[in-house]
2 protein chains.
Amino acid sequence: MSETSTATPESLTQTLTGSGLRATPQRELVFNILFEKRDHPTADEVFTRAKAEMPTISLATVYNCLETLVQCRVVRAVNFERGPTRYCPNQRPHAHFHDEQTGSTHDIDLPPGLLDHVKTILPTGYEANSVEIIFRGKTQS
Amino acid sequence: MSETSTATPESLTQTLTGSGLRATPQRELVFNILFEKRDHPTADEVFTRAKAEMPTISLATVYNCLETLVQCRVVRAVNFERGPTRYCPNQRPHAHFHDEQTGSTHDIDLPPGLLDHVKTILPTGYEANSVEIIFRGKTQS
DNA sequence: CTTGCTCATTAGAATCATTCTTATTTGATA
DNA sequence: TATCAAATAAGAATGATTCTAATGAGCAAG
């Protein structure tokens, strides 16, 4: 039974209301889209998928929902390279591997303690509250 | 005598010509600007500094020069958060610390072996040719 | 040298992602 | 059910970057 810190569609409502926010259909839809297919879509891709389910949703709302979910820490915004921001449901601490051939991004689970180990390289006076690790390369498939 | 892999204004010419490119005044100026003040400026900031020295230089040329220098691996493009790309002269392997209060970015030297250690978390079949580490937090100053 | 050719630069237009603005809608609360 | 704040929608506006087309510069062959 693996313990994850990933929000689920079920726990989303309480996360939102717990932050004084409303659990709207749009927010739930956007989260579900990220939750169902973990392929780090851009806002625009989320928008396309959302429209299939809710044709009246607007791109601005998708941006708003994503921003809200990031604030609530149930979704993570990821930026490597210039280019649109990509989003993933937060789950356990993980690094990202960016396959330069396919352009796709894979999550890499982090062994416990690695982030703390990495933080030890910081000089005195530097207090990190997050560490992001990005690999670039290719995968044999 | 510290051994670095940092290009210098002197070595730039041969790096460029070695790649079949010309060492133009614009390219040299852009590189010198990055080399002199290592504060991770944006293309627009480089442009402003460049104009002080060479009033006729254009923003497009600054973008072109930066891209060329990145291709030659004498300059590194850095992207965290959405927002403009920032540039630093390549020097030794280092991580970036992004101070969330001031918005400034500091280089963190990496102890030898750290990158290799971090790479060991990759599953079989993943071949990383680069690892980027980004800290976010605050500094006591 | 000087003609020709390729690489670079310039200026401005175009594009893309994102944010902003304003009006409308929704939903919880009194 | 009336009220009021929060959320959504649509499109305009912004900002960073890239593209396009024209001009300029430097080297190589004659």
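Every chain is numbered from 1, with letters handed out A, B, ... down the list of sequences.
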**Q.** T68(A), L69(A), T24(A) screened by side-chain contact (heavy atoms from CB on, under 4.5 Å) with V30(A), the one that passes
**A.** L69(A)
Q) Nearest-Å distance, CE (M54(B)) to P (dG24(D))? A) 17 Å
**Q.** Close side-chain approach of L114(A) and I133(A), heavy atoms under 4.5 Å
**A.** yes
Q. Within this structure, what is the CD-to-P distance between Q71(A) and dA6(D), rounded to whole angstrom?
A. 16 Å
Q) Rounding to a whole Å, what distance do you find between I57(B):CD1 and dG24(D):P? A) 17 Å
Q: Within residues 11-31 of chain A, find the residues that approach DNA chain C with a heavy atom at under 4.0 Å, and present them sorted by residue number.
A: R22(A)
Q: Verify the neighbour count for atom NZ of K119(A): are there more than 12 heavy atoms of other residues, nucleotides or ligands below 6.0 Å?
A: yes
Q | Validation row: H40(A), H96(A) side chains within 4.5 angstrom (heavy atoms) | A | yes
Identify all pairs in which a protein N or O lies below 3.5 Å from an N or O of nucleotides 16-19 of chain C, and state each distance.
| unit_1 | atom_1 | unit_2 | atom_2 | d |
| --- | --- | --- | --- | --- |
| dT18(C) | OP1 | T85(A) | N | 2.8 |
| dT18(C) | OP1 | T85(A) | OG1 | 3.0 |
| dT18(C) | OP2 | Y63(A) | OH | 2.5 |
| dT18(C) | O5' | Y63(A) | OH | 3.3 |

(Q) Quick check: do F35(A) and L12(A) have side-chain heavy atoms less than 4.5 Å from each other? (A) no
Q: If the plane angle is over 60° it's perpendicular, under 30° parallel, otherwise tilted; pick one for Y126(B) and F97(A).
A: perpendicular
Q: Would you please confirm or rule out a distance under 4.0 Å between OP1 or OP2 of dT9(C) and any side-chain N or O of S58(B)?
A: no
Q. Are the side chains of C72(B) and L16(B) in touch, meaning some heavy atoms are under 4.5 Å apart?
A. yes
Q | pair R49(B)-E36(B): side-chain heavy atoms closer than 4.5 Å | A | no
Q) Rounded to whole angstroms, how far apart are CG on N64(A) and P on dA10(D)? A) 13 Å
